[in-house]
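What follows is a short report on a single structure.
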Amino acid sequence: MGGVKTSIGPQPAPRALWCAGGLGATLSGMNIPFLDNLRKRRVPDSGTALMSAQEEDPQGIAQLLSECELLRARAAAAGIGLDDSTASLEALDQMAPRWRDDPEEIPWLGNDAGLYLGTVIVRTVPGAVWQVWPDGRPVVRLASGREVDVVAAGQQWAADGAPELSRRYAEVAEG
């Protein structure tokens with residue numbers, strides 16, 4: 001697997017960047033006939049595959065979504081332990097935003113920040129669960145039925161720091 005070039009050395013690339021197009025958006029502009037044929041025959045739409053996996057193994061999907069490799073590497077380099085607590089969200093909010101010096105890292109780190117925010121919500125807010133939209137985008141569904149697009153919140157946080165992750169968590173936890 002390729003690495004992400006950073007000031008703290010090469011780090012593993014994040015597992016996935018959740019976007020509306022999923023894998024198809026990444027490959028659609030490329031003329032790779034054998035991949036197109038393989039996808040048509042064997043690989044279901046990435047959103048459909050993730051939705052099916054979420055129905056069959058919700059704990060496995062929750063584990064996958066909680067990995068957040070790039071964010072965990074940046075936090076560790078800053079001396080911040082990510083223990084899936086609200087205190088760790090507050091610590092992330094205080095982290096110096098050095099990633100903003102690299103515009104290519106912002107979407108990846110934002111994706112991870114959103115997934116981490118979702119992980120904290122799912123693990124600490126009663127009734128909160130991961131839900132996968134048909135396009136493959138993971139969101140958090142609260143007991144009230146409200147869905148929170150945590151990836152969009154993480155992207156916004158990574159780009160400009162507002163709203164803070166801890167503040168977004170507090171808003172969601174209130175109901």
Side-chain angles (χ1 to χ4, degrees), residues 1 12-26 39 42-76 80-95 99 105-175:
M1 175 161 43
R15 191 178 281 276
L17 180 62
W18 303 101
C19 62
L23 179 62
T26 305
R39 270 191 4 199
R42 295 185 182 171
V43 181
D45 174 53
S46 61
T48 304
L50 191 58
M51 285 179 63
S52 297
Q54 195 253 333
E55 291 171 7
E56 294 173 19
D57 185 12
Q59 292 176 340
I61 291 298
Q63 179 64 34
L64 174 69
L65 296 175
S66 72
E67 288 182 4
C68 315
E69 293 175 30
L70 181 61
L71 180 69
R72 289 183 188 279
R74 295 295 169 272
I80 299 170
L82 299 184
D83 59 359
D84 302 341
S85 68
T86 56
S88 65
L89 292 174
E90 293 169 3
L92 285 173
D93 289 335
Q94 301 305 314
M95 191 167 67
W99 62 86
E105 188 170 307
I106 292 172
W108 293 101
L109 192 74
N111 183 73
D112 276 10
L115 294 176
Y116 185 71
L117 171 63
T119 297
V120 174
I121 293 169
V122 166
R123 292 186 178 167
T124 61
V125 175
V129 295
W130 283 107
Q131 178 68 44
V132 180
W133 284 347
D135 64 3
R137 189 176 189 93
V139 297
V140 173
R141 189 180 64 221
L142 303 176
S144 68
R146 178 176 150 218
E147 291 181 340
V148 180
D149 188 348
V150 291
V151 172
Q155 295 285 345
Q156 190 176 11
W157 173 82
D160 50 47
E164 294 177 330
L165 295 173
S166 59
R167 180 175 170 194
R168 186 70 173 134
Y169 172 85
E171 292 168 0
V172 169
E174 284 179 6

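Everything numeric in this text was worked out from a predicted model, so none of it was measured. Just so it is clear, the values below take in all heavy atoms, side chains as well, and ignore hydrogens, waters and symmetry mates.
A search for side chain to side chain donor-acceptor pair (under 3.5 Å) contacts involving T86 returns nothing, not counting sequence neighbours. Under the salt bridge (Lys or Arg N to Asp or Glu O under 4.0 Å) criterion, R167 pairs with E171, not counting sequence neighbours.
Here the straight-line distance linking atom CG of L82 with atom CG of L89 works out to 8.5 Å at 0.5 Å rounding. For the atom pair CE (M95) and CG (L109), the distance works out to 6.0 Å, reported to the nearest 0.5 Å.
Between S85 and Y116, the shortest heavy-atom distance links the atoms N-OH, 3.9 Å. Smallest separation of non-hydrogen atoms from R72 and E67: NE-O, 2.9 Å. The two residues P163 and W157 have their closest heavy-atom pair at O-CD1, 3.7 Å. When every heavy atom of Q155 is checked against every heavy atom of N111, the shortest pair comes out as NE2-N, 3.3 Å. The heavy-atom pair separating A75 from L92 by the smallest distance is CB-CD2, 4.1 Å. Counting all heavy atoms, side chain and backbone alike, G110 lies closest to A158 at CA-CB, 3.5 Å.
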Side-chain donor-acceptor pairs of residues 118-128 under 3.5 Å, sequence neighbours excluded:
residue : atom : partner : partner atom : Å
T119    : OG1  : L115    : O            : 2.8
R123    : NH1  : D84     : OD2          : 2.1
T124    : OG1  : V120    : O            : 2.6
T124    : OG1  : Y169    : OH           : 2.8

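No side-chain heavy atom of Q156 sits under 4.5 Å from any side-chain heavy atom of R168. At least one side-chain heavy atom of V150 sits under 4.5 Å from a side-chain heavy atom of W130.
The list of salt bridge (charged side-chain N to carboxylate O under 4.0 Å, His left out) pairs with a residue in residues 143-160, not counting sequence neighbours, reads R137-D149.
Looking at D93, its side chain never comes within 3.5 Å of a backbone N or O of E164 through a donor-acceptor pair.
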